[in-house]
Colleague: 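The structure is given below, and queries will be raised subsequently.
Below, chain A is the first sequence line, B the second, and so on; all start at residue 1.
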2 protein chains.
Amino acid sequence: MSGEQTEKPGRKPRIRDAEATKARILDAAKKEFAKNGLGGARVDDIAEKAKANKRMIYHYFESKEGLFQTVLEDAYLDIRSAEQKLHLEDLDPKGALEKLVRFTWEYYLKNPEFLTLVNSENLHRAKHLKKSEIIKVSSRKLVSLVSSILERGVTAGVFRDGVDPVQLNITIAAVGYYYLTNRFTGTIIYERDLMAKDALEQRIQFNIDTIMRLVTI
Amino acid sequence: MSGEQTEKPGRKPRIRDAEATKARILDAAKKEFAKNGLGGARVDDIAEKAKANKRMIYHYFESKEGLFQTVLEDAYLDIRSAEQKLHLEDLDPKGALEKLVRFTWEYYLKNPEFLTLVNSENLHRAKHLKKSEIIKVSSRKLVSLVSSILERGVTAGVFRDGVDPVQLNITIAAVGYYYLTNRFTGTIIYERDLMAKDALEQRIQFNIDTIMRLVTI
DNA sequence: CAATTAACGCACTAACTAGTTACTTCTTTA
DNA sequence: TAAAGAAGTAACTAGTTAGTGCGTTAATTG
């Protein structure tokens, strides 16, 4: 997010700041896209909330869809980079897996926009993500992270052999994602406040249990 | 779907058929809402695809949101009624649970509109479902279905005690729903065709395994 | 069969929406 | 310091969009 113009540290604050404007637009866009979806979000609203002129959006991002693509890429890069920062390779297999399940849950909980952005992208059959090469590269790292945890666990005799790392990855995401993205209908269907503090604690424990039982011998 | 006017069995076919028109509108609306979301769907397109006049939509359903609400209610009632028709009470606990997991998966697979409709409703914070009393009633039946399978399993000594039926229910839905609703981004992230025949078979087996391990002692 | 009711359709509108044109103002650098 | 270029703005356009007013035609019923 910090661009070419911020090299000199001691420079005076600019009134005209391209990077800051861009960042404000991206931040506002993320919120609007998450709240209303790609189709429901309004470019005028994004401009207003970013305290920028609508013209600037087209100047920096070319189109509404171009803006959406950047927002989506940034969102994926953020979670992928956070996963790498967990340093799961330093933990024992069981501890690493539990930490990943917990992290995934907490990330979704703190960044609900991520869930809505992904839903919106899937409604559009991933047409924006398809164009992004950087996303593929960073995704591979996640899969190999889980692979290596599984392998270490099998070697240590604590995990069973033959668990597909991709299926495991999907399941770790699924048990948290579904609960949180469908929290509104879920609260009605199950007649229970799924977002109450104790309900959230119960769920993360349940999810850890689910995943641990899945890999245990 | 069959209304008051169809009482007499031997009547002549009508050129003007309110029930048939309503049904065509609902069918077209379901497809359009599923494809584009509530915000993205176009009333004109729904009318055209239903081979009805737009005026009829407002005549029968009052508004675009009224139409969406009806579509959503019908979708929920359909899956809830199909679940009841499984007669899981006639099967042993393990068989019943496996059948429910398999049914849920196959229902999502055959009715992908259901997933998108639910996503759309959650984007709108369940404001339409909130108004629907009939949905709450039919949901209770699903929860008690799973509860009784669990109880029977515990009594028979095949399931462990203390598994929350709501959490189990959510998890059964989650492992299928997430995989299918995010199939477009998933195919990119995991660089694997998630909808290939063998991939789908692998997933349902994995899901059954996940759920069985979760409830087994 | 006349009168009423319900189904249906055309054509319109008022508000909105993504994107643009043409311009001003600030900042950098040759 | 002058010129160039980049940042920023207001007002506009062309096309959409949900929703309606009002008239027509078919079916029902007394």
Colleague: Report yes if a side-chain nitrogen or oxygen of B:Y58 is closer than 4.0 Å to either non-bridging phosphate oxygen (OP1 or OP2) of D:dG21; otherwise report no.
Modeller: no

Colleague: A:D44 has a side chain; which of D:dT9, C:dG9, C:dA18 sits nearest to it?
Modeller: C:dA18

Colleague: Within this structure, what is the CD-to-P distance between A:E32 and C:dT17, rounded to whole angstrom?
Modeller: 11 Å

Colleague: I want to verify a distance call: between C:dG9, C:dA7, D:dA7, whose nearest atom is closest to the A:Y60 side chain?
Modeller: D:dA7

Colleague: Less than 3.5 Å between a donor and an acceptor, one on the side chain of B:K54 and one on the base of D:dG19, is that the case here?
Modeller: yes

Colleague: Which one, C:dA18, C:dA7, C:dG9, comes nearest to the side chain of B:H59?
Modeller: C:dA7

Colleague: I'd like to know if the side chain of B:E73 pairs up with that of B:S132 as donor and acceptor (distance under 3.5 Å, no hydrogens or angles considered).
Modeller: yes

Colleague: Within the structure shown, what part of the strands sits under 4.0 Å from A:A41 by heavy-atom distance: base, sugar-phosphate, or nothing?
Modeller: sugar-phosphate

Colleague: B:A18 side chain: which of C:dT20, D:dA7, C:dA7 is closest?
Modeller: C:dA7

Colleague: Tell me: CD of A:E48 to P of D:dA10, nearest whole Å?
Modeller: 12 Å

Colleague: If you assign A:R42 and A:R55 each to the DNA chain C nucleotide with the nearest heavy atom, which residue ends up on the more 5' nucleotide?
Modeller: A:R42

Colleague: For A:T187 and B:R125, which I'm curious about, is there any donor-acceptor pair between the side chains at under 3.5 Å?
Modeller: no

Colleague: Grab the CZ-P distance between B:F61 and C:dA7 for me, whole Å please.
Modeller: 12 Å

Colleague: In this structure, how many angstroms lie between the C1' atom of C:dA18 and the CG atom of A:L38, rounded?
Modeller: 12 Å

Colleague: Do A:E83 and A:K141 sit within salt-bridge range, that is, some charged N less than 4.0 Å from a carboxylate O?
Modeller: no

Colleague: Without decimals, in angstroms, what is the distance between B:E19 CD and C:dA6 C1'?
Modeller: 13 Å

Colleague: What is the distance, rounded to the nearest whole Å, between atom CG of A:D17 and atom C1' of C:dT28?
Modeller: 15 Å

Colleague: Give a yes or no on whether a salt bridge exists between A:R192 and B:D164, defined as a side-chain N under 4.0 angstrom from a carboxylate O.
Modeller: yes

Colleague: For A:N53 and D:dG8, what is the distance between atoms CG and C1' respectively, to the nearest whole Å?
Modeller: 7 Å

Colleague: Identify all side-chain donor-acceptor contacts of residues 39-57 of chain B below 3.5 Å with residues at least two apart in sequence or on another chain.
Modeller:
residue, atom, partner, partner atom, Å
B:R42, NH1, B:G39, O, 3.3
B:K49, NZ, B:E32, OE2, 2.9
B:N53, OD1, B:R55, N, 2.8

Colleague: Of all the choices, D:dG8, D:dA18, C:dG9, which nucleotide is nearest to the side chain of B:M56 once you look at every atom?
Modeller: C:dG9

Colleague: Looking only at side-chain N and O atoms, does B:T21 come under 4.0 Å of OP1 or OP2 in C:dC8?
Modeller: yes

Colleague: Rounded to whole angstroms, how far apart are CZ on A:F68 and P on C:dA18?
Modeller: 14 Å

